[in-house]
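Below is one structure, written out as structure tokens, with a few remarks after it.
Within every chain, numbering begins at 1; the chains are lettered A, B, ... in the order of the sequence lines, protein sequences first and strands thereafter. Please read all numbers here as calculations on a predicted model, not as lab measurements.
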Amino acid sequence: MNQIKVRFAPSPTGPLHIGGARSALFNYLFARHYGGALVLRIEDTDVERSSREYEEEIIASLRWLGIDWDEGVGKGGENGPYRQTERLPVYRQYAELLLEQGDAYYCFCSEETLEEERQAMLAQGETPRYSGRCRHLSEEERASYLAQGIKPAVRFQVPPRQIYVVDDLVRGRVSFESDGIGDFVIVRSDGLPTYNFAVVIDDALMGITHVIRAEEHLSNTPRQLMIYEALHFKRPEFAHISLILGNDRQKMSKRHGATSLMQYREMGYLPEALVNFLSLLGWSPEGEEQIMDIEQIIAAFSLERVAKSPAVFDLDKLNWMNGQYIRRLDVEVLAERVRPFLMASPYRAQVEALSPQHYLWLVAMVKDRLVSLSDVVKQVSVVFEPVSYAADALEVLQNENTPLVLQAFIASLPESLEPEAVKQQLKMIGKQHKLKPRDVFMPLRCALSGQMHGPELPSLISLWGKEESIKRVQHSLEVLAGK
RNA sequence: GGCCCCUUGGUCAAGCGGUUAAGACACCGGCCUUUCACGCCGGUAACAGGGGUUCGAGUCCCCUAGGGGUCACCA
């Protein structure tokens, strides 16, 4: 049986961003749907910009999202090593083969020469591409350059007048003319392979059957096809997925706000919500359900249903979805997930002082009001901050029934308070004094919190307890008297 | 500029020759409710333009326009 094998191959030159996460996710979904394998390979041939820190952050981000792989960095496997800088001898071997076959040649051109050429072609209105000046160097010329200590790069010799066709699994048939492509570097003068060369070697040697990656790589594909051909490697299937755009329809970048996965974690997004949201960017299931857990997404996923057009990242929808996931969590679970945010807030000590029961009441009280986990801090502030009266709340306090309600409240509060019991108590006050619920709750809410709006009043009272609640009411009475 | 890709409501998107052109987010209205929020119900809103092909085109072909990607000894 032909086992499906895909890979995610990030370059550790920055944190994992939204676009990268979606590529990783689609590979993951594809692999899991077909019972195939996912390889994680680190493409760190740009040694200037790559770092272990970024590699670790990328891996941590993938783990946070719940995307796991079967082979590669952090997992091992038969086709390692999985970091490109650890595979240099492999690339060298194939570069030499290409050199021997006459499919590649040494290029001694300096950066300056190259730049001059480029400018000259541009000036003539031509597409800048390598002239091929080092293609046919004689032995003597080569020896002379070498004697001067010039380190050559290796260029692939692009076959003339060829058409390269990709039957892309999402875009359909796409073809390119080789004449539009200049001889490109496959090994830099420092001995490191370039992307277009290393990917091919690795994908072929690692047995990758499907290359699923972002659309920006589509125009690299013909170069890679040339190498597959020259090396007689079996080429994989390709699937180029569209880009994720910012609000301005430009490719997502830092100026669109948060782009790294870790930022989303810090902002309080749930990984399962983010995964659900990302899966719906550029892909859609057959049904109409939007909220799907990872197993459902895996079961429904297919490349046939991946869209060709780019998708704008819609934060409103992510926020909605995150809220959906939060509301579906059990209070006990939510309580734990929200805890780190409270521990990092100014209310840390006060939260720690809460009994387990009170802590659960606190979380239950704000559960339906959260868009993100970090919102908990703001939502909970009314409990811990000192009262300050809003203008509209003060007006409510001036109402003629207010003193009556407040006195009744003070007089009727039992020792132990549980939200449901408090609620019944408040309703009772209304009954006794023939007041509508609203005429009981509003004055109390304003007196206790100083605000017209906020979380369930009974829960607030439960959290404050008898002493604090009465203190707050009395304080409001003093404020009223002083007016 | 060359090459390549894309184009259904503000956004994500279904549709794969015949539909009253789904659904979701956002927005607006109503209901529920002590308030806000949640939830529920309802509403506004789209096939970029022009030519073909066809009995019939959002769906197929061509052109135009717009958007994007790529043309590195970065990936």
Side-chain angles (χ1 to χ4, degrees), chain A residues 9-11 13 43-46 48-50 84 107 109-111 114-115 118 122 125-130 151-155 166 168 171-172 174-177 179-182 184-196 198-199 214-222 240 242-243 245 247 249-251 277 280-291 304-305 307-321 323 327 366-371 379 393 396 423 426-427 430 436-446 449 451-458:
Chain A
S11 204
T13 53
E43 307 210 328
D44 57 351
T45 55
D46 183 351
E48 291 296 313
R49 295 194 302 147
S50 297
Q84 290 188 325
C107 172
C109 293
S110 67
E111 225 172 285
L114 259 17
E115 187 54 30
R118 200 176 353 248
L122 240 26
E126 288 177 49
T127 303
R129 100 175 56 119
Y130 182 63
K151 292 241 193 294
V154 179
R155 277 184 194 272
V166 201
D168 193 280
R171 325 205 80 84
V174 184
S175 55
F176 303 84
E177 289 179 23
D179 289 347
I181 299 169
F184 54 95
V185 172
I186 56 175
V187 180
R188 300 186 290 210
S189 52
D190 62 4
L192 285 162
T194 59
Y195 165 73
N196 282 123
V199 247
E215 197 201 322
E216 51 190 326
H217 293 294
L218 184 55
S219 43
N220 278 320
T221 309
H240 288 92
S242 60
L243 265 14
L245 275 24
N247 282 317
R249 307 205 126 268
Q250 303 282 308
K251 183 176 161 184
F277 173 73
L280 260 19
L281 274 189
W283 172 79
S284 62
E286 279 191 48
E288 289 177 351
E289 195 51 50
Q290 304 281 309
I291 306 288
E304 289 86 78
R305 296 189 65 85
K308 298 181 190 186
S309 47
V312 172
F313 185 88
D314 183 6
L315 190 61
D316 278 330
K317 185 158 181 178
L318 205 214
N319 283 337
W320 167 78
M321 194 164 274
R327 264 162 248 134
V366 299
K367 186 179 171 188
D368 285 352
R369 318 172 67 78
L370 303 180
V371 166
Q379 288 298 332
V396 171
K423 190 170 184 176
L426 297 187
K427 297 218 175 205
K436 282 184 289 191
R438 185 190 167 84
D439 293 324
V440 177
F441 280 80
M442 276 319 275
L444 273 171
R445 173 180 291 286
C446 293
S449 73
Q451 304 293 322
M452 293 270 283
H453 309 301
E456 296 277 339
L457 191 55

Which part of the nucleic acid, if any, lies within reach of A:Lys427 when heavy atoms closer than 4.0 Å are counted: base, sugar-phosphate only, or nothing?
-> sugar-phosphate
Can you tell me how far CG of A:Asn220 sits from NE2 of A:His240, rounded to the nearest 0.5 angstrom?
-> 8.0 Å
Does the separation of the ring centres of A:Phe313 and A:Phe277 fall below 6.0 angstrom?
-> yes
With distance as the sole criterion, do the side chain of A:Asp314 and the base of B:A26 form a donor-acceptor contact below 3.5 Å?
-> no
Taking the P atom of each, how far is B:G50 from B:C32, in whole Å?
-> 48 Å
May I ask you to decide whether A:Lys308 forms a salt bridge with A:Glu215, counting only side-chain N to carboxylate O separations under 4.0 Å?
-> no
Quick one: is A:Arg188 getting a side-chain N or O under 4.0 Å of the B:C74 phosphate, OP1 or OP2?
-> yes
Backbone N or O of A:Leu218 within a donor-acceptor pair of the A:Thr221 side chain at under 3.5 Å?
-> yes
Would you say A:Glu115 has more than 12 foreign heavy atoms packed within less than 6.0 Å of its CD?
-> yes
When Watson-Crick pairs (N1 to N3 and N6-O4 or O6-N4) and G-U wobble pairs (N1-O2 and O6-N3) count only below 3.5 Å on both distances, what is the dot-bracket string of RNA chain B, with | for other-strand pairs?
-> ((((((((.[[[..)..(....]]].(((((.......)))))....[[[[[..)....]]]]])))))))....
Whole angstrom is fine here: how far is it from CH2 in A:Trp320 over to P in B:U11?
-> 19 Å
Which nucleotide in the list B:G1, B:C12, B:C74 gets nearest to the side chain of A:Arg249?
-> B:C12
For B:U35, take OP1 and OP2 only and decide whether either is under 4.0 Å from a side-chain N or O of A:Arg369.
-> no
Along nucleotides 2-8 of chain B, 5' to 3', which nucleotides get a B, which get an S, and which get a -, given that the test is a protein heavy-atom distance under 4.0 Å?
-> S-SSSS-
Selection from B:U35, B:A72, B:A13 that lies nearest to any side-chain heavy atom of A:Arg118 | B:A72
Between atom NE2 in A:His240 and atom P in B:G69, what is the gap in whole Å?
-> 15 Å
